[in-house]
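Excluded from the calculations below are hydrogen atoms, water molecules and symmetry mates; all remaining heavy atoms, backbone and side chain alike, are included. Numbers restart at 1 for each chain; the letters A, B, ... are given by sequence-line order, proteins then strands.
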There are 4 protein chains.
Amino acid sequence: MQVLKEEVRSAIMLAAYEEFRQSGYLEASMRRIATAAGMTSGNIYRYFRNKEDLFDAIVGPLYSEYNRYAQEYLQTAEAIATDGWDVEKRTSFFERVQNTLVGLLMASGPSLLLLLCRSEGSKYESIRSELTGFVESLLTKSFTAAKGPAGPLDERERIEIGMLAATMIESVAWIVANYHDSDMLGTLVERVIDVFGCGLEKQMEAHRS
Amino acid sequence: MQVLKEEVRSAIMLAAYEEFRQSGYLEASMRRIATAAGMTSGNIYRYFRNKEDLFDAIVGPLYSEYNRYAQEYLQTAEAIATDGWDVEKRTSFFERVQNTLVGLLMASGPSLLLLLCRSEGSKYESIRSELTGFVESLLTKSFTAAKGPAGPLDERERIEIGMLAATMIESVAWIVANYHDSDMLGTLVERVIDVFGCGLEKQMEAHRS
Amino acid sequence: MQVLKEEVRSAIMLAAYEEFRQSGYLEASMRRIATAAGMTSGNIYRYFRNKEDLFDAIVGPLYSEYNRYAQEYLQTAEAIATDGWDVEKRTSFFERVQNTLVGLLMASGPSLLLLLCRSEGSKYESIRSELTGFVESLLTKSFTAAKGPAGPLDERERIEIGMLAATMIESVAWIVANYHDSDMLGTLVERVIDVFGCGLEKQMEAHRS
Amino acid sequence: MQVLKEEVRSAIMLAAYEEFRQSGYLEASMRRIATAAGMTSGNIYRYFRNKEDLFDAIVGPLYSEYNRYAQEYLQTAEAIATDGWDVEKRTSFFERVQNTLVGLLMASGPSLLLLLCRSEGSKYESIRSELTGFVESLLTKSFTAAKGPAGPLDERERIEIGMLAATMIESVAWIVANYHDSDMLGTLVERVIDVFGCGLEKQMEAHRS
DNA sequence: GATGAATGAGCCTTCATTCAT
DNA sequence: CATGAATGAAGGCTCATTCAT
């Protein structure tokens with residue numbers, strides 16, 4: 001049964017997606033992917049150089065896009081920080097973060113799940129800490145500004161911010177892993193941001209007084 | 001030269017803990033565990049039937065304990081729910097959750113890390129969703145009570161509660177994976193519960209009106 | 001766009017020659033040959049039954065030719081030996097060997113390189129020992145004649161002749177593998193024959209006395 | 001059937017030796033080696049890290065020894081060259097080369113065969129050209145000295161020396177591949193050196209006049 | 001005629017597990 | 001008790017070859 005190249009390529013990527021989703025990058029088996037895609041393992045290598053390349057094909061485009069977004073938003077944040085960061089700007093802060101994340105989610109489709117939750121052992125495995133770092137840096141700027149002349153953040157504040165950033169990303173990862181419908185995804189992420197936003201405001205107040 | 005049986009058993013479990021922590025259940029290597037424990041891989045099998053059994057030995061007791069706690073708290077919650085769930089009781093609600101979780105953390109020691117974060121591929125890999133289910137059930141009760149006569153929760157409310165429960169557990173897992181010091185652990189978990197608590201209050205208000 | 005059959009055949013053989021030269025028979029890759037010939041690997045099998053057949057096509061004609069030469073020269077040598085083998089004839093002996101070899105080299109072109117140096121794993125891999133046998137037989141006749149009435153060669157003489165024949169072929173093979181320019185090739189082979197001739201003369205003298 | 005470690009190690013090396021000898025480094029199959037050694041392929045890896053390591057174990061010691069010899073003899077040659085290189089020293093030259101080679105052969109045993117003739121694809125594959133370079137350098141020194149004030153060698157002389165060095169090594173390789181008895185090996189190598197020595201003398205004379 | 005997708009056997013290697021010693 | 005040699009299945013990957021199109 002001869003099939004067109006693109007169809008087969010898609011079939012492989014589909015089977016690979018499923019396998020990566022179930023087993024993660026390291027435990028995924030090329031043989032199983034092949035079987036699921038209805039072919040011999042050798043044939044996969046006509047379409048993808050190796051396991052990494054196959055993972056890349058699914059997840060790489062999204063990663064690039066993320067990189068563009070991240071850089072852009074960090075620069076914007078930098079600019080705002082330099083100008084001063086008044087109440088008005090601060091209130092618009094979480095909308096920006098929210099837009100970044102929700103935008104990414106909308107643009108991404110199901111591959112975000114692999115990137116965020118199943119990439120251990122691949123070259124993308126640091127994505128979570130990158131994302132965390134990104135969010136952390138935004139939060140730090142916001143906090144520093146809010147704190148005003150009181151000076152730089154103390155150790156405990158930094159740890160808490162780090163935790164908030166990380167758990168926020170964990171939460172997003174969970175949502176991505178459990179809801180694939182684009183609308184629902186957006187709603188839930190917004191909700192999570194709300195929750196964390198609320199917690200943050202409280203923390204800021206506490207530290208300001 | 002002969003070592004007592006229990007000492008050897010401990011040595012194996014110690015080495016295994018470290019290996020599981022670093023590599024996770026699936027990627028953990030029996031050979032490396034044996035080497036680290038100062039023996040041959042074959043000897044491990046005199047003390048533990050297989051990899052799973054070894055993981056069990058480390059993580060199983062905590063799992064049982066968790067099960068006891070969970071059941072107990074659920075029953076309590078049930079009782080309260082039946083009696084009615086007034087403001088006062090509601091305000092004490094998060095303290096209970098908090099106590100449950102922090103108590104578990106204190107009672108558990110480092111094996112919680114394995115159970116929550118390194119059990120993929122083992123028979124405990126569903127622990128997170130179990131925990132989530134537990135928290136979800138508590139939240140549902142609380143919400144239902146708060147909503148009062150307006151009747152049962154709608155689909156959307158249930159989904160949001162599910163998400164909040166799950167992401168809360170994810171957050172706790174992250175903390176457990178990143179901070180081992182018992183005090184810091186407590187502080188951070190309390191902080192996370194604060195944040196989620198704040199978000200929850202807002203949500204309740206929103207839905208009450 | 002359609003190419004004539006013979007052109008394609010040639011293109012394949014050309015690409016195959018290069019691949020066999022670089023990688024040897026066993027390590028040669030049909031895929032690389034196809035790519036270099038500007039076609040798909042499958043198409044090669046319309047022109048050649050398999051890898052061996054392709055190697056055959058390049059190297060077979062030369063092998064046949066060698067066989068003709070060898071038989072012819074052996075018969076001549078036989079005839080001379082029967083007639084008696086005086087000094088004059090003996091002095092012309094190495095010229096004959098030389099002419100045989102250099103003739104083959106000139107008549108052969110680059111495929112001799114494959115036949116002599118890259119045929120391991122193919123059905124031609126015994127060519128070196130065949131050639132050696134041929135030269136050995138010539139040398140044996142010459143020696144026997146030179147030794148005269150002293151009778152047949154002893155074990156040690158036969159071994160040395162065998163070795164000289166073999167290393168002479170090895171030398172020629174090295175030259176063929178390293179110099180492709182026809183003139184240089186001739187010069188160096190003559191030079192090698194000189195060297196071996198010199199050694200042989202000495203050996204003959206030693207054994208005659 | 002339990003066997004002592006060293007016995008098994010030897011059995012593997014023996015089987016490996018045979019396999020490498022028959023198929024060369026690249027074509028050798030670990031499975032076949034294992035089968036020949038009476039075990040599963042996996043078990044080999046208890047004794048040798050991988051194919052390369054196994055080849056190393058057989059061939060490495062000899063290679064080290066060769067390196068020591070080569071350096072030593074090159075230094076000696078250098079010293080002689082500086083002092084001047086009269087007839088007497090020159091006549092002793094080939095005795096030195098001969099001693100080097102024959103010494104190596106005696107010290108080496110059958111692994112020399114693998115090193116010289118079956119190492120393609122391994123990290124030792126350049127051994128022939130190294131050896132050739134070594135001999136070539138000795139010959140060049142000798143020639144330059146013999147030529148005296150006439151100055152450096154011309155292109156053609158250099159090519160011929162290169163060829164003589166290379167074909168000499170080829171000859172030695174052939175001998176090693178075909179005779180394993182230590183005495184016979186010595187005799188034949190001496191014989192080959194004689195032959196080449198004779199050819200060299202003639203060449204020197206030709207170029208001196 | 002030619003394509004190139006597909007196969008299947010083979011490669012080296014790793015690893016949990018078993019068992020003779 | 002403990003060893004560590006051995007197994008067997010699986011891993012990712014390559015390649016000559018076949019065959020539907």
Side-chain angles (χ1 to χ4, degrees), chain A residues 1-5 7-9 11-12 26-34 37-54, chain B residues 1-5 8 26-35 38-54, chain C residues 1-5 8 26-35 38-54, chain D residues 1-5 7-9 11-12 26-34 37-54:
Chain A
M1 180 198 14
Q2 244 4 36
V3 221
L4 291 185
K5 216 185 159 188
E7 273 181 79
V8 175
R9 202 182 145 90
I12 295 173
L26 272 180
E27 292 297 316
S29 153
M30 294 297 272
R31 284 227 229 296
R32 278 196 303 262
I33 291 173
M39 67 189 63
T40 319
S41 65
N43 197 37
I44 291 183
Y45 293 85
R46 288 188 51 73
Y47 296 88
F48 304 93
R49 210 172 308 122
N50 50 33
K51 202 187 189 179
E52 186 174 329
D53 193 40
L54 176 51
Chain B
M1 268 289 287
Q2 216 67 338
V3 220
L4 293 184
K5 219 181 158 199
V8 175
L26 277 176
E27 292 296 314
S29 153
M30 293 297 271
R31 199 103 86 216
R32 279 196 300 263
I33 291 173
T35 303
M39 68 191 60
T40 339
S41 60
N43 198 35
I44 291 183
Y45 290 84
R46 297 199 67 73
Y47 295 87
F48 303 94
R49 206 172 320 120
N50 51 32
K51 204 188 192 178
E52 187 171 331
D53 193 40
L54 176 51
Chain C
M1 269 285 287
Q2 216 65 337
V3 221
L4 292 185
K5 220 183 152 187
V8 175
L26 276 176
E27 292 297 314
S29 152
M30 294 296 272
R31 198 102 85 214
R32 280 196 299 263
I33 292 172
T35 303
M39 69 190 60
T40 338
S41 60
N43 198 35
I44 292 183
Y45 291 83
R46 297 199 67 73
Y47 294 88
F48 304 93
R49 205 169 323 118
N50 51 30
K51 205 186 192 180
E52 186 172 329
D53 193 40
L54 175 51
Chain D
M1 181 197 17
Q2 268 325 66
V3 221
L4 292 184
K5 215 186 156 181
E7 274 181 80
V8 176
R9 203 184 144 88
I12 295 173
L26 273 179
E27 292 297 317
S29 153
M30 294 297 271
R31 282 233 233 294
R32 279 196 304 261
I33 292 173
M39 68 191 60
T40 317
S41 63
N43 199 36
I44 292 183
Y45 292 84
R46 287 188 52 73
Y47 296 88
F48 303 94
R49 207 170 314 122
N50 50 32
K51 201 185 188 181
E52 186 173 330
D53 192 40
L54 176 50

C:G42 vs A:E27, nearer the 5' end of DNA chain F by closest nucleotide: A:E27

Phosphate OP1/OP2 of F:dG12: any A:N50 side-chain N/O under 4.0 Å: no

Integer-rounded Å distance: F:dT14 P and A:D53 CG: 11 Å

Interatomic distance, B:R49 CZ vs E:dC19 P [rounded to whole Å]: 15 Å

Over all atoms of both residues, closest heavy-atom pair of A:A37 and A:A11: CB-O, 3.9 Å

Nearest atoms (heavy-atom pairs only) where C:D53 meets C:R49: OD2-N, 2.9 Å

Nearest-Å distance for atom pair NZ/P, residues B:K51 and E:dT14: 16 Å

Phosphate contact (F:dG11 OP1 or OP2) by A:R32 side-chain N/O below 4.0 Å: yes

Nearest atoms (heavy-atom pairs only) where B:A34 meets B:T40: CB-C, 3.5 Å

Side-chain N,O (A:S29) to OP1/OP2 (F:dG11) below 4.0 Å: yes

Rounded interatomic separation in angstrom, taking CD from A:E52 and P from F:dG11: 19 Å

Whole-Å gap separating P (E:dC15) and CG (A:L26): 12 Å

5'-most by nearest nucleotide on DNA chain E - C:M39 or B:A28: C:M39

N or O in side chain of B:N43 less than 4.0 angstrom from F:dT3 OP1/OP2: yes

Whole-Å gap separating P (F:dC15) and CD1 (A:I44): 17 Å

Side chain D:S29, main chain D:R31, donor-acceptor under 3.5 Å: yes

Partner of D:L54 by side chain to side chain contact (heavy atoms under 4.5 Å, CB included), out of D:Y45, D:F48, D:Y47: D:F48

Paired and unpaired positions of DNA chain E as dot-bracket, Watson-Crick or G-U wobble under 3.5 Å, | denoting a partner strand: .||||||||||||||||||||

Sugar-phosphate only, base, or nothing, as touched by C:A34 at under 4.0 Å among non-hydrogen atoms: nothing

Working for side-chain contact (heavy atoms from CB on, under 4.5 Å), residues A:I33 and A:K51: CA-CA 10 Å; A:I33 291 173; A:K51 202 187 189 179; over 6 Å; no

Phosphate-side-chain proximity, C:S41 and F:dT17, N/O vs OP1/OP2 below 4.0 Å: no

Under 4.0 angstrom between D:T40 side-chain N/O and F:dA6 OP1 or OP2: no

A:R46 side-chain N/O to E:dA5 phosphate OP1/OP2 under 4.0 Å: yes

Minimal non-hydrogen separation, A:N50 against A:M30, with atom names: C-CE, 4.3 Å

Phosphate contact (E:dT14 OP1 or OP2) by D:Y45 side-chain N/O below 4.0 Å: no

For atom CZ of A:R31 and atom P of E:dG8, their distance in whole Å: 13 Å

